[in-house]
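Written out below as structure tokens is the structure these notes cover.
First the proteins, then the strands, lettered A, B, ... as listed; each starts at 1.
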Number of protein chains: 2
Amino acid sequence: MKTVSTAEAWTGTADCRNCAIRQSVLFARLDEPDFDAIHRQIDQYTFSPGSIVYSQDDAADAIFTIRTGLVKLTQYLPDGTQRIVRLLQSTDVIGLEALMLDRYEHAATALHTTEVCRIPSSVVRELLQRKPQLFNDLMARWHRAVSDCDRVITELSTGPARARVVRLLLWLAERKGDRQCDLFSREDLGALLGLTTETVSRTMAELKRQGWITEPRINLIVCDIDRLRAALG
Amino acid sequence: MKTVSTAEAWTGTADCRNCAIRQSVLFARLDEPDFDAIHRQIDQYTFSPGSIVYSQDDAADAIFTIRTGLVKLTQYLPDGTQRIVRLLQSTDVIGLEALMLDRYEHAATALHTTEVCRIPSSVVRELLQRKPQLFNDLMARWHRAVSDCDRVITELSTGPARARVVRLLLWLAERKGDRQCDLFSREDLGALLGLTTETVSRTMAELKRQGWITEPRINLIVCDIDRLRAALG
DNA sequence: CGCCCTGTTGATACGATTCAAATATCGTGG
DNA sequence: CCACGATATTTGAATCGTATCAACAGGGCG
């Protein structure tokens, strides 16, 4: 059995004013005084691959902004199998339900090394009082969550295995703005695509044989975007 | 070819104060003066099965509360096939993206006879100004949308055909608080479950043969809840 | 070095899709 | 109201794709 190999590390309070992704962040519209007021309450953490940001049913009192990395959100079915319902990366927010509920509805697990800012729900609520325009930003986050879900349904859970894998690769490459994408375990790929690890493995092998993708380093995939697109018909 | 057989009918302005589902509605927390101020801007419509509440990419300037009935939200894949991403019914809100975007992201189609209240985005925005606590209710709606999506992913898009059909029947019966559920076309069932109509048809036939369900009237399914649950393992 | 975990590959069985045809149902006009 | 054509549903047979079970290779770590 796999031990949850690695833990998270606290890496200081946030330096919001010099944040590299500040313009893309939930609080992008706040100004200096606001940041001064809140940044002490925002902690930064680094999670190594496989470590858990929060578990399903954990007490939920904070949301997290992903600064770098990749996170999966999983839910367990009654029969014990798990399914990945969303994949989140830089500038995405996870745990929004902490603003409504007192338990997280998913488990959030780092797939790559991931830096996050932990923002207590209380901070968000205070800011909402003072800056109602934050409503719009928050709503945009909810909207993004729904769009992501829609995409998982229509593109990653529909059609034959090859199409699902290809759509995922294209999506990851597109988000990276690159021909490349960093992948993760075949098991997680399966849980995301609704396939078994063996099927994912076979499909990837076939894509390589066709020359549509190459894997110069392990879990680093270089895509022939045009041919992959063509393969979707 | 199927003509879009039936149109919607305007059935008057809303009578919010005497609304049968008032306590479950987005504006549940508003008081009389608020309702007086807005109800003139809220129109009621009735859609018959198959008619379209709005289409993907239509100009989006209103959200809709479903009073009665059942609505599907569909999205088209690049290859032209469509997939149902959510099923909405009484007290649900559709078209929330109208508060953020100027186009609807899905097509919304009535599956059963459906009554809706059309609430212009401008009304929602005005109310948000005056009653910031409305934001919590709005956020709860977004949250419900995400939860619904999660359910479509984990329960309706995962596992073998039989399990998906059974989970859907149980879900519909549960929402109805009943052993019964009103179904819709096999084609739509397929689009919701990620299966072909033939597979759905066969699966339903098998469930009937096993005695897990009966269909006294067409599209009215009576479930043997316990046995269906047991069948899921 | 050896063990464990992950990924790969193979053989087989199962399940879903596909194509085709028959049947049932719905809507319409005579 | 019935008959007709159009549409939806059911069923069948063959094919294809995926899951399953099992064995094996490679890499990382103690």
D:dA19 OP1/OP2 closer than 4.0 Å to side-chain N/O of A:Thr196: yes
B:Thr114 (side chain) donor-acceptor with B:Leu70 (main chain) under 3.5 angstrom: yes
Atom-pair distance (CD on A:Glu206; C1' on D:dC16), nearest Å: 13 Å
Within the 6.0 Å centroid threshold, strictly below: A:Phe64 and A:Tyr45: no
N/O (side chain, B:Thr199) to phosphate O (OP1/OP2, C:dA16) under 4.0 Å: no
Among A:Val71, A:Asp188, A:Asn219, side chain to side chain contact (heavy atoms under 4.5 Å, CB included) partner for A:Leu111: A:Asp188
Distance, rounded to the nearest Å, where B:Leu195 contributes CG and D:dT18 contributes P: 14 Å
Gap between atoms CZ and C1', on A:Arg164 and D:dT18 respectively (whole Å): 10 Å
Sugar-phosphate, base or nothing in reach of A:Ser185, heavy atoms under 4.0 Å: sugar-phosphate
Residues B:Arg118, B:Asp61: salt bridge by 4.0 Å N-O rule: yes
Closest contact, heavy atoms only, B:Leu189 versus B:Phe184: CD2-CE1, 3.6 Å
Heavy-atom pair of closest approach, residues B:Thr13 and B:Gln44: O-OE1, 4.3 Å
Atom-pair distance (CG on A:Leu193; P on D:dT18), nearest Å: 12 Å
Heavy-atom closest pair, residues B:Arg83 and B:Leu156: NH2-O, 4.3 Å
Under 4.0 Å protein heavy-atom contacts per nucleotide of nucleotides 21-30 of chain D, with B for base, S for backbone only and - for none: B---------
Length of the CD-P vector between B:Glu187 and C:dT17, whole Å: 14 Å
Cationic tip of B:Arg167 above B:Trp171 ring, under 6.0 Å, 45° of axis: no
Gap between atoms CG and P, on B:Asn219 and D:dT10 respectively (whole Å): 9 Å
Bracket string, DNA chain C, 5' to 3' - pairs by Watson-Crick or G-U geometry under 3.5 Å, | interstrand: ||||||||||||||||||||||||||||||
Distance in Å, A:Trp142 CH2 paired with B:Leu96 CG, rounded so as to fall on 0.5 Å steps: 11.5 Å
Spacing between B:Arg162 atom CZ and C:dA16 atom C1', to the nearest angstrom: 13 Å
For atom CG of A:Leu189 and atom P of C:dT8, their distance in whole Å: 10 Å
